[in-house]
Amino acid sequence: MKRIGIYIVIVVCILSCISSRRNLLTETRLMLVDTRATEHTAALFYNLRQLTGKRVVYGQHNYEMDGFDSDSTRWRDEANRCDAYDVTGAYPALASFDFLHFTNPRSWETKELNYIQEKFHVAYNRGNVITFCWHYYNPVTGGNFYDTTQVVRHILPGGSYHATFKADLKIIADFAHNAKGDDGELIPIIFRPWHEFDGNWFWWGKNHCSVEEFKKLYRFTVTYLRDSLEVHNFLYAFSPDCGFTTEAEYLERYPGDKYVDVVGMDNYWDFRPDGGDTSLVVLKARILTQYAQKHGKLSAITETGTQTRDSLWYTQLLSILRSEGVALNYVCTWSGFSPYKGHPAAADFCRFKRDTLVLFADEIPNFYTRSEEHTSELQSH
């Protein structure tokens, strides 16, 4: 009888754990753009959100595909190269890629798709958070993303190029459906479409479509991928450039909480050595932090960096991340913007890496497993 009692206790504990896990999964999914998100995708969101105010994930775009040997010599697509690793002994904890190469395979920066997929899987197996932007070539003219011929009205439902747009979204969806880890599970991706829309340099910028057209563009992108193409391993990031100083300005083209998981910003301008103002970065980071906390989102500096020889640039970035009222989940520097060996900022980059707030790949546990116990493990690293 005693043995039977022990078995009953074990079974009750197992059922309780399963029920708790299911409740946690359900609660997390209800916070997401996609309430049918895969378990790994929900886990990524949950774990990043649990780290808010405790750790900041450091990432870089194309970190194994692009870098520098010196101020004037750049390397691209060399095997076993990564400036961040060469300097710090660790890879970034977030890897950024671009759907440009999939929807526009003959672009100005053409890369073989198999090569990108290889780097994508290597980053995931490293434990990285994965994000993709989309420098989408002009689908009307065939020009690049800087061709500001008006496009948006023509690719929205009812437009003459709507079918072209949907076909390109299907290319992205096909990649998402086949993006699987060694365990066969779909790999979560933070998708960041229509970035820097408050500028005028891209065809989806503020001078090239109305507020309502942009919102419709963003909403259609999300709903077509999620509902029509059945993509359930995406989180969605909203990332203007830095052209705002109030929450109202930030939200001018915001499509609504139902379409956004990550509130972010790209910001190079406020870091300029010839007249930038990093106090503005703090102000804007606080706006992101406060909105994310009030609305159940993640927050991030989705692009930044410098190619100047500022020896304390990363100390400056760290002071921003540690400022009162700032609690971002990740920061991503752009391609080639990591110090190389011998760069004046190399020592500062190492100090940045060692700071207890910052997460590189050598310290992160599994972001794709979720439980209360795992959360405690995450926070203890």
Side-chain angles (χ1 to χ4, degrees), residues 40 43-68 75 78-97 118-131 181-183 185 187-190 298 300-305 312-315 317-322 327-343 345-371 373-381:
H40 280 15
L44 174 63
F45 179 88
Y46 176 85
N47 286 325
L48 284 172
R49 198 157 181 269
Q50 292 304 304
L51 291 182
T52 303
K54 303 176 182 70
R55 309 301 296 268
V56 177
V57 174
Y58 171 74
Q60 189 180 7
H61 186 72
N62 286 354
Y63 69 70
E64 280 195 295
M65 294 188 277
D66 194 7
F68 281 85
W75 63 264
E78 293 184 19
N80 303 314
R81 291 294 304 270
C82 173
D83 288 347
Y85 184 87
D86 289 346
V87 171
T88 69
Y91 292 99
L94 177 146
S96 171
F97 299 94
E118 174 195 340
K119 294 300 183 184
F120 165 78
H121 281 93
V122 166
Y124 176 70
N125 289 335
R126 194 171 280 142
N128 278 185
V129 177
I130 306 291
T131 183
D182 295 338
D183 58 0
E185 295 293 326
I187 296 173
I189 292 168
I190 300 173
L298 303 174
I301 297 177
T302 43
E303 275 189 42
T304 190
L312 295 177
W313 191 86
Y314 287 90
T315 292
L317 176 60
L318 185 61
S319 70
I320 291 165
L321 298 176
R322 284 195 170 278
L328 302 179
N329 297 104
Y330 64 88
V331 58
C332 184
T333 54
W334 192 243
S335 182
F337 282 15
S338 176
Y340 52 84
K341 276 188 174 181
H343 189 280
D348 193 45
F349 189 45
C350 289
R351 288 190 292 269
F352 174 79
K353 189 270 172 198
R354 290 193 297 267
D355 192 275
T356 56
L357 181 67
V358 179
L359 275 174
F360 275 61
D362 62 333
E363 295 184 298
I364 54 174
N366 188 352
F367 273 118
Y368 304 101
T369 299
R370 185 187 45 197
S371 67
E373 293 79 8
H374 180 63
T375 300
S376 298
E377 178 197 353
L378 251 169
Q379 294 174 347
S380 69
H381 275 66

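Note that these values count all heavy atoms, side chains included, but never hydrogens, waters or copies made by symmetry.
- If you check the side chains of Asn62 and Trp334, you find no donor sitting under 3.5 Å from an acceptor.
- Of the inter-residue distances, the one linking Tyr91 atom OH with Arg126 atom CZ reads 4.5 Å to the nearest 0.5 angstrom.
- Closest heavy-atom contact between Pro339 and Val87: O-CG2, 3.2 Å.
- Asp348 places a side-chain N or O within donor-acceptor distance of the main-chain N or O of Thr315, the cut-off being under 3.5 Å.
- The closest side-chain heavy-atom distance from Phe352 to Phe360 is below 4.5 Å.
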Point to revise | side-chain hydrogen bond (donor to acceptor under 3.5 Å, both in side chains) between Asn80 and Tyr85, worked out | key: CA-CA 10 Å; Asn80 303 314; Tyr85 184 87; over 6 Å; no
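- Taken from CD in Glu303 to NE2 in His61, the straight-line distance is 7.5 Å, to the nearest 0.5 Å.
- Thr302 has its side chain out of reach of Cys332: every pair of non-hydrogen atoms, C-beta onward, lies at least 4.5 Å apart.
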**Study point:** Evaluation steps, side chain to side chain contact (heavy atoms under 4.5 Å, CB included), between Ile301 and Tyr330
**Key:** CA-CA 7 Å; Ile301 297 177; Tyr330 64 88; over 6 Å; no
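- Of all heavy-atom pairs spanning Arg81 and Asp86, the tightest one is NE-OD2, 4.1 Å.
- Between the side chains of Ser338 and Asp83, no donor N or O sits under 3.5 Å from an acceptor N or O.
- Of all heavy-atom pairs spanning Gly305 and Thr333, the tightest one is CA-CG2, 4.4 Å.
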Point to revise | Verdict with reasoning, Leu51 to Leu359, per side chain to side chain contact (heavy atoms under 4.5 Å, CB included) | key: CA-CA 11 Å; Leu51 291 182; Leu359 275 174; 3.9 Å; yes
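- Separating the CD atom in Glu64 from the CZ atom in Phe120 is a distance of 14.0 Å, to the nearest 0.5 Å.
- By the 30° and 60° cut-offs, the orientation of the rings of Phe349 relative to Tyr58 is perpendicular.
- A salt bridge links Arg322 with Asp355; the closest basic N to acidic carboxylate O contact falls under 4.0 Å.
- The minimum heavy-atom distance linking Pro188 with Leu44 is given by the pair CB-CD2, 4.0 Å.
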Exercise for review: Go through Ile190 and Ile130 one step at a time and tell me if the side chain to side chain contact (heavy atoms under 4.5 Å, CB included) criterion holds.
Suggested key: CA-CA 6 Å; Ile190 300 173; Ile130 306 291; over 6 Å; no
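- In this structure, Lys353 pairs ionically with Asp362, as a charged nitrogen and a carboxylate oxygen lie closer than 4.0 Å.
- Atoms CD1 and OG1, on Ile189 and Thr131 in that order, are 9.0 Å from each other to the nearest 0.5 Å.
- Judged by distance alone, with hydrogens and angles left aside, the side-chain atoms of Thr369 form no donor-acceptor pair with the main-chain N or O of Asn366 at under 3.5 Å.
- Screening Phe97, Tyr368, Phe367 for a ring-ring contact (aromatic ring centres under 6.0 Å, His included) involving Tyr124 leaves a single residue, Tyr368.
- Contact annotation: the side chain of Leu318 never approaches that of Trp313 to less than 4.5 Å [non-hydrogen atoms, C-beta and beyond].
- Note that the CG atom of Leu312 and the CG atom of Leu317 stand 12.5 Å from one another [nearest 0.5 Å].
- Atom CD1 of Ile364 sits about 5.5 Å away from atom CG of Asn128, to the nearest 0.5 Å.
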**Study point:** Verdict with reasoning, Val56 to Asn329, per side chain to side chain contact (heavy atoms under 4.5 Å, CB included)
**Key:** CA-CA 5 Å; Val56 177; Asn329 297 104; over 6 Å; no
